[in-house]
Each structure stands twice: as C-alpha cells, then as structure tokens.
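First listed ligand is number 1; within each ligand, the first listed atom is number 1. All residue numbers refer to positions in the sequence shown, counting from 1.
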Amino acid sequence: MPEGLEPSRAASPRSHQNAGTVDAVIIGAGHSGLAMGHHLASRGIDHVILERGEVANSWRTERWDSLRLLTPNWQARLPGYAYAGNDRDDFMDMPAVIRFIEGYAQSTEAPVFTGTEVTTVSPDDNGYQVETTQGSWSARSVVAASGGFNIPHLPACALGVPDHIAQFTPHSYRNPSQLPQGGCMVVGGSATGLQLADEVLRSGRPVTLSIGEHVRMPRNYRGRDVQFWMDACGLLDERFDEVDDLVRARQVPSPQLVGTPDHETLDINALTDQGVRLVGRLATIRDGRALFSGGLNNVCALADLKMNRMLNTFDEWVDERDDDPGEGPRERFEPTRVDKRTQLDLDLNGGGIRSIIWATGFRPDYSWLKVPVLDRKGMIRHHGGVAQAPGLYVLGLNFLRRRKSSFMHGADDDTSDLASHLHDYLGGNLKSAI
Ligand SMILES: Cc1cc2nc3c(=O)[nH]c(=O)nc-3n(C[C@H](O)[C@H](O)[C@H](O)COP(=O)(O)OP(=O)(O)OC[C@H]3O[C@@H](n4cnc5c(N)ncnc54)[C@H](O)[C@@H]3O)c2cc1C
C-alpha cells in the first residue's frame, strides 16, 4: 500500500505487508467492483478497490435528476446484501441507489481508495503495474470493474448538427431547464430516449423522437411486474455460451422500461398519445437537414412481434405449472401505432428544433489499459469476463456472462464465477474454460 494512504472506508480486515503489492487490484467502486471484492475477500485474496471518485460515482455524476431504476427494489441484491425496505415493488431514485451501494461498501468493509484514478495498467514481472493519481500498485491480477457506460456514444453524423442547436447526452443532461425553449429532437428509442422524450415533452417543449431498432416491454403483465416474469422464466439467467449469436445478444438495446411510482408503461403509443412526433432512425445529417430511415413501421412491427414472443414464453411457463403465480388473464397489447408514411427529413435550420438529446447508447472507456487485449473498437477481448491476458478480468458489460450481467442483480453470479477463476489463476491450478 503506498505510504500515507488508508482505505477511505477504513475497512480492510487485512494489513498489506508489502506496500504497493497486492494479489488483485479492482478498478472501480460501483456495485460490480464491490461485489467482486466481496467474493475475493471470502476466498482470502488480498485486494484493493481503486475509485477515481466516490463509491457509486457513476450514479452520483452521470445520471439525470429524475432517473429511477427500471428494476424493482426486490431485484436490488448483491452478494451478501439485499434491499431490506418495505417498498419491494417500487423503484429507487438516485439518492436511494447511492445509499444502497454505499451501504454495501460499508457492510462488506470494502478496501476502497476513493479519489484514486487509474491512469495506466501495463504488464510487469509480477503481473501488472497499476499507475494511479495517488501512487503505484503492483498486482498479480487486475479486474476492470470500471463500468460499461462511461462514454455516451454519438453517431458520426452528430458532427453535422448546425451550431445554433444545443446538444446534450445522458451524461450532460440533468433536467429540462437546461434546454432552450422550442422543439427538441431526442435520438434513440430505448429506455433512456423514451424517458427523456417524456420528460422534455412534459416541460412544454415539442418533441421529435427518432427511433431505430428497440425492445418493447410492458411494465406489467398479468398483474405482475415484467421483471418478475423474466426472472421466473429464467430469461435473465440465460448464459453467454448458450445463445446462438453472442455478438448480436451483446448489442441488444435496453428495454423500453421506466420505473415510476405509478408503475405505468411508457411505450411509443403512450408518447404519441401525448403528442410526440415519431420519425425513423437518423441516417445522416446533410447540409443542415436530418434524414431519417423510412423503416419505422418495420422496426415497430418487429418490436411488437418480439414482445409477443416473450409474452408467449411467460404464458407457456404458467401453463406448465400447477399454480398460476400471475394475478390476471393472458394479455396482448395494442400494436405500436405508426403513420403509414413517416417524415423522412427535417430542416434543422428551420427553427423547429432548438436542442438535440443523443440517447444513442454508451461505451466503456479503457484508455488507461496498456495491455494488448483491446479490439479495434477499444473493447476488451474476453471470454465471459476472462480477458485474453493472464490474470486480467472485466465486469459490468452487456451479456458478459448472462443476460442480466449489466444489471445490479447480475453481479453476484458473474463475480462469483470470475472470483473462482481468479483464485485458481493465482493458485496456479486453472482448470479449463468457465
Ligand atoms: C442510464 C442508466 C440506467 C440504468 N438503470 C439500471 C437499472 O434500472 N437497474 C440496474 O440494475 N442497472 C441499471 N443500469 C446499469 C448498471 O447497473 C449501471 O451501469 C451500473 O452503474 C454498472 O455498475 P458497474 O459497477 O459495473 O459500473 P459503474 O457503476 O459505472 O462503476 C464503475 C466505477 O469505476 C470508476 N472508474 C472508471 N474508470 C476509472 C479509473 N480509470 N480509475 C478509477 N476508477 C474508475 C467509476 O468512477 C465508477 O465508480 C443503468 C445504467 C445506465 C447508464
């Protein structure tokens, strides 16, 4: 441990005999890094958790004001820790999420060093040299739990947006008061895009929503939250080595879900009922004109079809049981209503659009990783979280090991698997693939 530094949570049950040298460095004190720390501690593996901000930094600094989890409180569970309040079916707001993760760090006595940004990780004779803004560590293994959503992803055509239009990402947007008066175009039809389109519209600004491929989901089905059904049917536990097309599975957008006190469904029909104008996927911006795909009808029909397939899965699961855990009959929902001919272009210089919010996804930031494991898109090449470099692991990515991997409740199984692998690696008795 570098001289003069103590874990911020004064929690490590072990003293580090060898200053600056540990078996494992975990980068990031979000829920993934903390869960990994819990499993390493239970296996007696000496480790530290290095965090550039505070515990739960992403939830403190990178989320908009009104955001609530789209997963209900009963799904807030981490290894050795779970939501213990009375509102199991409600959805946490950001202060509650931060308290929950902070509580986890405290209860597990996690050896977290806050305000410690990792600037480089490179190979050395011991394994890895980890340089930080607060000193150096040498570690036999490194776990990148630095988050899968560090940088908002913008399409290249964003460069063509005229200067007079204010642009925001889900990281820079906090609430509608930041936006100029007048029309707003929200680009992206997944959870973030729908939630922000709804909020901006309610602030009195006309909203144009550009939608490509998306995943439609009702908030409730047969009287229960949709997450109940996904959990019960085992959809969330589907493994990375069981799906036909893993590359595709990892690119599936987040479901159109919102967690609100009234448990309402927020889908495209709900937004168009309120007055949102729909356009297809933004294809490009040329000479100040936004050009949209004409395939909106098709992507909506496909999303409806896939939703109905998922509901069939729920129904079949009920049919195979003696009891019915649902509280209502089978349901099918109105197909998404889309005009036959949708608008194909929009003059961004015409004054109708004053701001754009890019809800077009996120990507991780591994710019600090100086180990030759990054592909051309800057993603770590890995097999279920085991990177293609000995002793290097990654967490918190979409479908890392299971469909639930990027959600809070996915961390337990993933970190348990990877902590076992790391334990075997350190002991020199690695078995084959995990
Ligand atoms: C808008 C949004 C809504 C979401 N809603 C839900 C939801 O409803 N339910 C759910 O279960 N999940 C949700 N998620 C997904 C997921 O739970 C979060 O992304 C979660 O933050 C991921 O946890 P993590 O620990 O893997 O990463 P993070 O929480 O991002 O933690 C990574 C940590 O690493 C730190 N870090 C990064 N780089 C460095 C560095 N170089 N040096 C030191 N520290 C570093 C960061 O500061 C951060 O604290 C949502 C995600 C987003 C983006």
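- For Leu395, the closest heavy-atom approach to ligand 1 does not fall below 4.0 Å.
- For Glu199 and Tyr173, the side-chain atoms include at least one donor-acceptor pair closer than 3.5 Å.
- By the 3.5 Å distance cut-off applied to N or O atoms, Arg63 is counted among the residues near ligand 1.
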Please tabulate, for the side chains in residues 307-316, all donor-acceptor contacts under 3.5 angstrom to protein atoms that are two or more places apart in sequence or on a different chain.
from	atom 1	to	atom 2	distance (Å)
Asn308	ND2	Asp304	O	3.4
Asn312	OD1	Arg332	NH2	2.6
Asn312	ND2	Asn308	O	3.4
Thr313	OG1	Arg309	O	3.0
Asp315	OD1	Tyr221	OH	2.8
Asp315	OD1	Arg222	NH1	2.8
Asp315	OD2	Tyr221	OH	3.0
Asp315	OD2	Arg330	NH1	3.3
Asp315	OD2	Arg332	NH1	3.4
Asp315	OD2	Arg332	NH2	2.8

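- Considering only non-hydrogen atoms, atom 30 (O) of ligand 1 lies nearest to Ser58 out of Ala191, Pro170, Ser58, Ala359.
- The protein heavy atom nearest to atom 19 (O) of ligand 1 is Phe149 CD1, 3.1 Å.
- Taking the ring axis of Phe228 as reference, the NZ or CZ atom of Arg224 stays within 45° of it and closer than 6.0 Å to the ring centre.
- Taking any N or O of Leu70, backbone or side chain, at least one lies under 3.5 Å from an N or O belonging to ligand 1.
- Residue-ligand proximity, Trp368 to ligand 1, at heavy-atom distances under 4.0 Å covers atoms 41 (N).
- Every atom of ligand 1 with a heavy atom of Leu50 under 4.0 Å away is listed here by number and element: 43 (C), 44 (N).
- Taking the six-membered ring wherever Trp is involved, the centroid distance between the rings of Tyr104 and Tyr81 falls below 6.0 Å.
- Of the polar atoms of Asn57, at least one N or O is found under 3.5 Å from an N or O of ligand 1, judged by distance alone.
- Inspection of the Asp412 and His38 side chains reveals no N or O donor paired with an N or O acceptor under 3.5 Å.
- Residues Gln274 and Asp198 bring a donor and an acceptor atom of their side chains to less than 3.5 Å of each other.
- When only interatomic distances are considered, the shortest N/O to N/O separation between Arg52 and ligand 1 falls below 3.5 Å.
- Counting protein heavy atoms only, atom 41 (N) of ligand 1 is closest to Val118 O, 3.1 Å.
- Side-chain rings of His382 and Tyr393 stay apart, their centers remaining 6.0 Å or farther from each other.
- In Asp262, the CG atom is crowded: over 12 heavy atoms of neighbouring residues, nucleotides or ligands sit closer than 6.0 Å.
- Under the 4.0 angstrom criterion for non-hydrogen atoms, Thr116 is in contact with ligand 1.
- Ranking the protein heavy atoms by distance from atom 15 (C) of ligand 1 puts Ser406 O, 3.3 Å first.
- Considering backbone and side-chain N/O of Met408, one or more are found under 3.5 Å from N/O of ligand 1.
- Neither side chain, Thr133 nor Glu117, offers a donor N or O lying under 3.5 Å from an acceptor on the other.
- Protein heavy atom nearest atom 3 (C) of ligand 1, with residue, atom name and distance: Leu67 CD2, 4.1 Å.
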Please lay out, stage by stage, how Cys157 and Leu282 fare under the test side chain to side chain contact (heavy atoms under 4.5 Å, CB included). CA-CA 9 Å; Cys157 68; Leu282 178 62; 3.7 Å; yes
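- Side chain to side chain, Thr265 and Asp267 fail the donor-acceptor criterion of an N or O pair below 3.5 Å.
- Counting heavy atoms under 4.0 Å from ligand 1, residue Trp64 touches it through the side chain alone.
- For atom 7 (C) of ligand 1, the nearest non-hydrogen atom from the set Leu69, Ile49, Ile27 belongs to Leu69.
- In terms of the ring-ring contact (aromatic ring centres under 6.0 Å, His included) criterion, Tyr128 has no residue partners (sequence neighbours excluded).
- For the pair His31 and ligand 1, the shortest N or O to N or O distance falls below 3.5 Å.
- Within the 4.0 Å heavy-atom criterion, neither part of Leu34 lies near ligand 1.
- Nearest protein neighbour of atom 24 (P) of ligand 1, counting heavy atoms only, is Ser32 OG, 3.3 Å.
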Please walk me through it: do Glu213 and Arg248 pass salt bridge (charged side-chain N to carboxylate O under 4.0 Å, His left out)? CA-CA 12 Å; Glu213 187 196 352; Arg248 167 105 192 92; 2.5 Å; yes
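- Nearest non-hydrogen protein atom to atom 14 (N) of ligand 1 is Trp59 CH2, 3.8 Å.
- Of all protein heavy atoms, the one closest to atom 27 (O) of ligand 1 is Gly147 CA, 3.4 Å.
- Where the criterion is an N or O separation shorter than 3.5 Å, residue side chain and backbone included, Thr192 fails it with respect to ligand 1.
- Residue Gly28 has at least one heavy-atom neighbour below 4.0 Å for each of these atoms of ligand 1: 33 (C), 34 (O), 35 (C).
- Side-chain rings of Trp137 and Phe113 approach one another, their centers coming within less than 6.0 Å.
- In Ser254, neither the side chain nor the backbone holds a heavy atom less than 4.0 Å from any atom of ligand 1.
- Checked against a 3.5 angstrom limit, the closest N/O atoms of Thr71 and ligand 1 fall inside it.
- If you look at Phe407 next to ligand 1, the close heavy atoms, those under 4.0 Å, come from the backbone and the side chain alike.
- What you find for Gln227 and Pro72 is that their closest heavy atoms are CG-CD, 3.7 Å.
- Remark: ligand 1 atoms within the under-4.0 Å shell around heavy atoms of Gly396 are 26 (O).
- With a 4.0 Å heavy-atom cut-off, ligand 1 is reached by no atom of Thr119.
- Distance check: Asn150 CG to Ser58 OG gives 6.5 Å after rounding to the nearest 0.5 Å.
- Between Phe149 and His171, the distance separating the two ring centers is not shorter than 6.0 angstrom.
- Heavy atoms of Ala411 found under 4.0 angstrom from ligand 1: none, in either backbone or side chain.
- Residue, atom and distance of the protein heavy atom nearest to atom 48 (C) of ligand 1 are Glu51 OE1, 3.4 Å.
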